[in-house]
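The structure under discussion appears below in the form of C-alpha cells.
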There are 2 protein chains.
Amino acid sequence: MTDSTPKLDRYDRKILQLLQADARLSNQELADRIGLSPSPCLRRVKRLEDTGLIEGYRAMLNARALGLKLMAFIQISMDRHTPDRFDQFEAQIASYPEVLECHLITGHDADYLLKVIVDDMDGFQRLLLEKITRIEGVTGVHSSFVLKSPSSRTALPL
Amino acid sequence: MTDSTPKLDRYDRKILQLLQADARLSNQELADRIGLSPSPCLRRVKRLEDTGLIEGYRAMLNARALGLKLMAFIQISMDRHTPDRFDQFEAQIASYPEVLECHLITGHDADYLLKVIVDDMDGFQRLLLEKITRIEGVTGVHSSFVLKSPSSRTALPL
DNA sequence: CTTGAAATACATGCGGC
DNA sequence: GCCGCATGTATTTCAAG
C-alpha cells in the first residue's frame with residue numbers, strides 16, 4: 001500500500017536527508033548541495049512527494065514554550081479484543097489533540113501505548129479521568145511521566 | 001530557558017497551526033490565510049523563529065516505504081542511578097539513529113523508555129544485543145512491538 | 001542530465017496610516 | 001501596531017543540446 005519502488009539512488013537519499021533536516025531549503029540550495037542542477041533535483045523531489053515517500057513538511061514547535069510542560073506515556077488495557085472495541089477506542093483517541101501517538105502493541109499486559117502532552121498535572125488528570133478512562137472497554141491504565149527526553153529525532157535513519 | 005513571553009495572539013496561533021500542517025507555505029500564502037499582509041506576517045514568523053518557539057522545519061518521511069517495517073518500544077532499567085551512568089547511557093543512545101526517542105521516565109520499574117525503528121526483527125536483534133544491552137549499567141530490558149499506529153501527530157495542541 | 005533564458009512569484013524594506 | 005507599494009532577488013518552467 002504505502003510502499004512501492006524502493007529505487008533510491010544516492011541523490012534521492014541525499015535529498016531526503018537534507019529535507020529531513022530542513023524542509024524549507026529552496027530547490028536551488030538543495031540542488032547545489034547534492035551536486036545536481038535545479039531541474040532534475042526538483043523532478044526528484046516531486047517524484048518523492050508523489051510516491052508518498054515524503055509525507056509532508058511540518059514546523060516543529062517548542063512544547064515548553066507553549067506551556068505544554070507535561071509529557072506522559074499511558075499504557076491501556078482493554079477488556080475484550082474485538083474489532084469494534086478497538087475501532088471505537090481508536091476513533092475516540094484520534095479526536096484528542098493531547099494524544100500525540102497511539103500504538104497498538106504487543107509485549108506485556110497492555111494493548112495500547114499512548115504518548116500524550118498536556119500543560120500540567122491538572123490537564124493530565126482531566127485527560128485521563130474525563131476522556132481516556134471513559135472510553136468503553138478500557139479496563140486498565142498505567143501512566144509514566146517523562147522527566148526529560150535526552151533524545152528526540154524526527155529524522156528516520158537512511 | 002526555552003521559555004519567554006507567552007504572548008501569542010490569534011495571529012501567532014494561526015501561523016503556528018498552519019506551519020505545523022504545512023511548513024512550506026510561502027509567506028504570501030500564510031499572510032492570505034491569516035488575514036494579514038505579508039510584511040507583518042513575515043515579522044511574526046521571524047519572531048517565532050528567533051524566540052525558539054519554532055524549532056525548525058522537517059520533512060516527514062514514510063517509514064514503511066524506506067523499508068523500516070518494525071517499530072518498538074524498549075523499557076530500560078539501570079543498575080545504579082548515578083549521573084555518570086545516566087550521562088554515558090544517554091550519550092551512547094544519542095549515537096544510534098535507530099533510536100528515535102529516549103525518555104527518562106517515572107512510573108514503574110523502568111528508568112528509560114526508548115522508541116526505535118528498524119528494518120525487521122533481525123535489525124532489532126542487532127540493535128538490542130549488539131548495542132543497547134552492551135551499554136554499561138543496563139540491567140533490564142523489556143520490549144514491546146508496535147503492531148499498528150492508529151494515530152501519530154507531530155502537531156502540538158494549541 | 002545540463003544549460004540558459006523568460007516569466008513568475010517571492011521576500012524585504014520603506015513611507016504612510 | 002498595520003498596510004501597500006517598489007525593488008531586487010530567487011524560483012520555476014521551458015526550451016534546446
Side-chain angles (χ1 to χ4, degrees), chain A residues 3-68 154-156 158, chain B residues 1-62 65-67 154-158:
Chain A
D3 182 283
S4 56
T5 42
K7 299 182 173 189
L8 295 175
D9 61 16
R10 62 200 178 98
Y11 291 120
D12 291 321
R13 289 185 187 280
K14 207 80 193 292
I15 287 173
L16 293 176
Q17 282 177 342
L18 289 169
L19 288 180
Q20 278 198 125
D22 182 2
R24 294 207 113 181
L25 282 175
S26 72
N27 186 53
Q28 273 194 174
E29 270 276 333
L30 198 57
D32 273 1
R33 298 209 198 168
I34 67 174
L36 227 53
S37 58
S39 326
C41 180
L42 185 61
R43 230 178 316 128
R44 283 164 182 271
V45 173
K46 288 257 165 74
R47 193 174 58 80
L48 292 170
E49 288 171 351
D50 291 342
T51 58
L53 222 143
I54 295 177
E55 293 185 330
Y57 303 94
R58 307 271 134 77
M60 308 306 294
L61 308 186
N62 184 325
R64 293 211 50 213
L66 288 168
L68 298 164
T154 54
L156 301 178
L158 294 183
Chain B
M1 293 131 221
T2 46
D3 182 282
S4 57
T5 41
K7 299 181 173 189
L8 295 175
D9 61 16
R10 61 199 180 99
Y11 290 120
D12 290 321
R13 289 185 188 280
K14 208 80 194 294
I15 288 173
L16 294 176
Q17 281 176 343
L18 289 169
L19 288 181
Q20 277 199 124
D22 182 3
R24 295 208 112 180
L25 283 175
S26 71
N27 186 52
Q28 276 195 174
E29 269 276 332
L30 198 57
D32 273 2
R33 299 210 198 168
I34 67 175
L36 226 54
S37 60
S39 326
C41 180
L42 185 61
R43 230 181 314 130
R44 283 164 181 271
V45 172
K46 288 258 164 74
R47 194 174 57 80
L48 292 170
E49 288 171 351
D50 291 342
T51 57
L53 222 143
I54 295 177
E55 295 185 329
Y57 303 95
R58 306 272 134 79
M60 308 307 293
L61 308 186
N62 183 324
L66 288 169
T154 54
L156 301 178
L158 294 183

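Labels below follow one simple rule: chain letters A, B, ... track the order of the sequence lines, proteins then strands, and each chain is numbered from 1.
Of the residues in residues 29-43 of chain A, A/Leu36, A/Ser37, A/Ser39, A/Pro40, A/Arg43 come within less than 4.0 Å of DNA chain C through at least one heavy atom, sorted by number.
For D/dT13, the OP1/OP2 oxygens have a side-chain nitrogen or oxygen of A/Lys46 closer than 4.0 Å. For D/dT11, the OP1/OP2 oxygens have a side-chain nitrogen or oxygen of A/Ser26 closer than 4.0 Å.
A distance-only check finds no donor-acceptor pair linking the side chain of B/Asn62 to the backbone of A/Glu55 [under 3.5 Å]. Not one N or O on the side chain of B/Gln20 forms a donor-acceptor pair closer than 3.5 Å with the backbone of A/Leu61.
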- Would B/Asp22 and B/Glu29 satisfy side-chain contact (heavy atoms from CB on, under 4.5 Å), going step by step from the backbone distance to the final call? CA-CA 11 Å; B/Asp22 182 3; B/Glu29 269 276 332; over 6 Å; no
- Message: Show, in sequence, the C-alpha distance, side-chain angles and deciding distance for B/Asp9 and B/Arg44, and conclude whether the side-chain contact (heavy atoms from CB on, under 4.5 Å) test is met.
- Response: CA-CA 11 Å; B/Asp9 61 16; B/Arg44 283 164 181 271; 2.9 Å; yes
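Read 5' to 3', the first and last nucleotides of DNA chain C with an atom closer than 4.0 Å to a heavy atom of chain A are C/dC1 to C/dT3.
Taking only side-chain atoms of A/Asn27, from C-beta outward, the nucleotide of D/dC2, D/dT11, D/dT12 with the closest atom is D/dT12.
Residues A/Leu36 and A/Lys14 fail the side-chain proximity criterion, which asks for heavy atoms closer than 4.5 Å. B/Leu8 is listed as a side-chain neighbour of B/Leu16, based on a closest heavy-atom distance under 4.5 Å. Put simply, the side chain of A/Ile15 reaches to within 4.5 Å of the side chain of A/Leu48, judged on heavy atoms.
Here D/dT12 presents its P atom at 16 Å from CZ of A/Arg44, a figure rounded to the nearest Å.
Look at B/Lys7 and B/Asp12 and you find no salt bridge, because none of the NZ, NE, NH1 or NH2 atoms lies under 4.0 Å from a carboxylate O.
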